[in-house]
Amino acid sequence: MGGPAPLVPNRYRDRRCGSLRPADIGQQVRLAGWVAAKRDHGGLLFVDLRDPVGPDADLPLEATSASTGPAGAPGTVAQASPTSPASPTSPASPTSPASAARPLGPLARGDHHACTVQLVSHPSDPAFEVLSRLRLESVVSVTGEVVARPPETVNPKLATGEVEVRLASVEVLSSAGVLPFPVEQESDVGEEARLTYRYLDLRRGPLAQRLAKRARFCQLARNHLASRGFLEVQTPVLTVSSPEGARDYLVPSRLYPGEFYALPQAPQQFKQLLMAGGIERYFQIAPCFRDEASRADRSPGEFYQIDIEMAFAEQEDVFREVELLFGELVSKLSTKVATFPFPRVSYADALARYGTDKPDLRFGLEIAELTQVLGGRTELPMFAEAPERGHAIRALAVPGGNERPRSWFDAFGDAAKQAGATGSWLALPPGDGDGGRGTGDAAGTRGTGDGGGKEGGGGPEPRGPLARKLTGGEVAALLEATGAGPGDAVLTCVGPAAGSLPSIPLGQVRAALGRELGLARPDQLAFCWVVDFPMYERNPDTGAWDFSHNPFSMPQGGLEALESKGPGEILAWQYDVVCNGVELSSGAVRNHLPDVMEKAFAIAGYSRERIERSFPALWNAFHYGAPPHAGIAPGVDRLLMLLEDQPNIREVIAFPLNQMARDLLMGAPAPVSAAQLAELHLQVVRPGPGGDGRPPR
RNA sequence: GGACCUGUGGUGCAGCAUGGAGUGCACGCCGGCCUGUCAAGCCGGAGGCCGCGGGUUCAAAUCCCGUCAGGUCCGCCA
């Protein structure tokens, strides 16, 4: 990775504002930047001049090249100590480890405290009048002399806080109008304004810092993958619409009336064609375009993937490469901790134990399976009849759940019902000190039942709808399986075992508890592989079998499995990499065998002709010798969200569209001229009566 | 396609459940004072279609309906 960019002196500047140190005292310097703050005392004017956001590492090191200070230690800041003020001639004053000594390297970029210097001007200066009239965020080039600040005015918050620049001249390079919002780091600004004036938002720092992180991320990924023998290949942005998947962005063709290009939803087919072309290992930081509704973690319009494909590879080969890549990225870009190799959980297990196919493994709180324990063995019909109805019984402990209001349990019941299951609960009053962990002490005795003996001996009595219906032994089994104890609650959910349906409402509660109770360590990255996805799933509306994921995935067991197993039993060589409850990517061992492909598509109701018609390039390519291959495509934006703890994907993108896929800065999308439409053979049909009366922005 | 939250001087918010004069707060802006501040301070001032349109009411920022804009979620994202 390139070294720090040296500052080449020119007519605007010969130093960066943030680089000035006591070692520079006495030097004449020329600085350029933004007016970040003004403190006008009438007879004395202070101006904070701020550097542009520059490449990551250059601020502290640049001082070495420019300064002549002998023991200057440019990367450290000597703290102003009240007893021994910094002497102008001794830059080697003891460096204090205290808070004032900022580690300039990592924080330099975008932190206003690290890239600002104070200018001082008196009314006698010719520059005074000009400068005092300038508004904040005007851009100036100034000259002056670096002087020591009087000891009592040293500002330990600034990297340059021991010095200031005695102003000699000012050249106004660009004067700023009244700002739409403060360009100051801490102020709270609405996102609409930030998107509309993205360049001002960038100047504020944190966003620019995330872009710097993104740049390093991409550079590290490139270097790492190249060193592992992956060839970076760019694939077309104008391609053909594919019949499967998300809605396409279309580009009308001028030359061919009525025909359209499509922007790729992913370079999926191209990368497989590269495999057929004998490119052994491919990668690309690839733009993907999908015209779908957005979410906080899903950008409308375009997003980026580290697209990877490997020939002569199996699942294990992909896993190894991704773990190496992620290891590189996490260790170089983050202080968070991850465990390698990533644990694996099957799709079926993930659903059963976590109620989701993207489990957050930073905490336990697993969903317990109770079908064998309670099914058919209790008088409660919901549980008793579960096995014969093909239902499963699942349960989840709620730490401290006894404190929760009735409405919270009711809401869970509603959620379960909505999912097609039945939820119920019991709660355990806090123990009275004899430390019972609630594991089956009162086996065999009835629960509170008809309200007879309270305080009967073995710990507090449970309450809630289940408490009245289950025997003490059954309650004990419930507690043992879930690990619940005094003061906790237990949620149960019963429903069709297929697809672990009763786990899903419990999984939603589990995820919510993880957030509410702070169960997850914030500095942990709990990666995992979710493997063994089903190849097909039944369409609930039509009853037909659909591909549950990528139709080009190789079925486990190959042709034989397709012919001998029921579609619902067939697994695919399909995997997800998940971190902290976030799906980062899907991948698969691809199906490169035309006869297997034909059979696989037939189960989903596709004829051979339809495959040929829909995917002619791949279909043909696989008839001329294609290697077995596998790949994956981790999302750049989502990975950065995780590394940077950002709740919203727009925070890691320089110029994002808003939720409604509108670019508030550029004004896209926008109408085009009648001439442009005519050239493209297009006519606009406005929806609804009277069209949409939306004014252009 | 659906649900919910939000919309009040340039910015960020309070006010709204229980209608009674745009009463506010912080920042910014304009003017004045001010030689050691660092988010400078002090004094004064300007700036509002309370998103927009309807309705209820003697009276609407406040209640109701619609609509537009921003956000979050469900559907969707092979």
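Just so it is clear: chains get the letters A, B, ... in the order the sequence lines come, proteins before strands, and each one is counted from 1.
With a cut-off of 3.5 Å on both Watson-Crick or G-U wobble distances, the partner of B:U67 is given as B:G51. Both distances falling under 3.5 Å, in either a Watson-Crick or a G-U wobble arrangement, occur for no nucleotide opposite B:G75. Checking B:A26 for Watson-Crick or G-U wobble geometry (two distances, each under 3.5 Å) identifies B:U11 as its partner.
Across the P atoms, B:U72 and B:C13 are found 15 Å apart, a figure rounded to whole Å. Spacing of C1' atoms, B:G70 relative to B:U18, comes out at 30 Å, to the nearest Å.
Picking from B:G71, B:G36, B:C77 the nucleotide with the shortest atom distance to the side chain of A:R650 gives B:G71. Here the side chain of A:R135 is nearest to one of B:C77, B:G70, B:C29, namely B:C29.
With sequence neighbours left out, the side chain to side chain donor-acceptor pair (under 3.5 Å) criterion links A:D357 to no other residue. The side-chain contact (heavy atoms from CB on, under 4.5 Å) test applied to A:L273 returns A:A617, A:L618, A:A621, not counting sequence neighbours. In this structure A:D201 satisfies the salt bridge (charged side-chain N to carboxylate O under 4.0 Å, His left out) test together with A:R194, A:R198, A:R204, sequence neighbours excluded. Residues forming a side-chain contact (heavy atoms from CB on, under 4.5 Å) with A:Q646 (at least two apart in sequence, or on another chain): A:R210, A:E644, A:E651, A:V652. With sequence neighbours left out, A:A262 forms a side-chain contact (heavy atoms from CB on, under 4.5 Å) with A:S241, A:D248, A:L250. With sequence neighbours excluded, no residue forms a salt bridge (charged side-chain N to carboxylate O under 4.0 Å, His left out) with A:D532.
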Indicate for each nucleotide in nucleotides 2-17 of chain B, in 5' to 3' sequence, whether protein heavy atoms under 4.0 Å reach the base (B), only the sugar-phosphate (S), or nothing (-). --------SSS-----
Protein heavy-atom contacts under 4.0 Å, written 5' to 3' over nucleotides 37-48 of chain B as B (base), S (sugar-phosphate only) or - (none), form the string BBSB--------
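Residue-to-nucleotide proximity on RNA chain B shows that, of A:Q268 and A:A296, the 5′-proximal contact is made by A:A296.
A:R295 contributes a side-chain N or O that forms a donor-acceptor pair with the base of B:G75 under 3.5 Å. A donor and an acceptor atom sit less than 3.5 Å apart, one in the side chain of A:R298 and one in the base of B:C77.
Residue pairs meeting the salt bridge (charged side-chain N to carboxylate O under 4.0 Å, His left out) criterion with at least one partner in residues 542-555 of chain A, sequence neighbours excluded, are absent.
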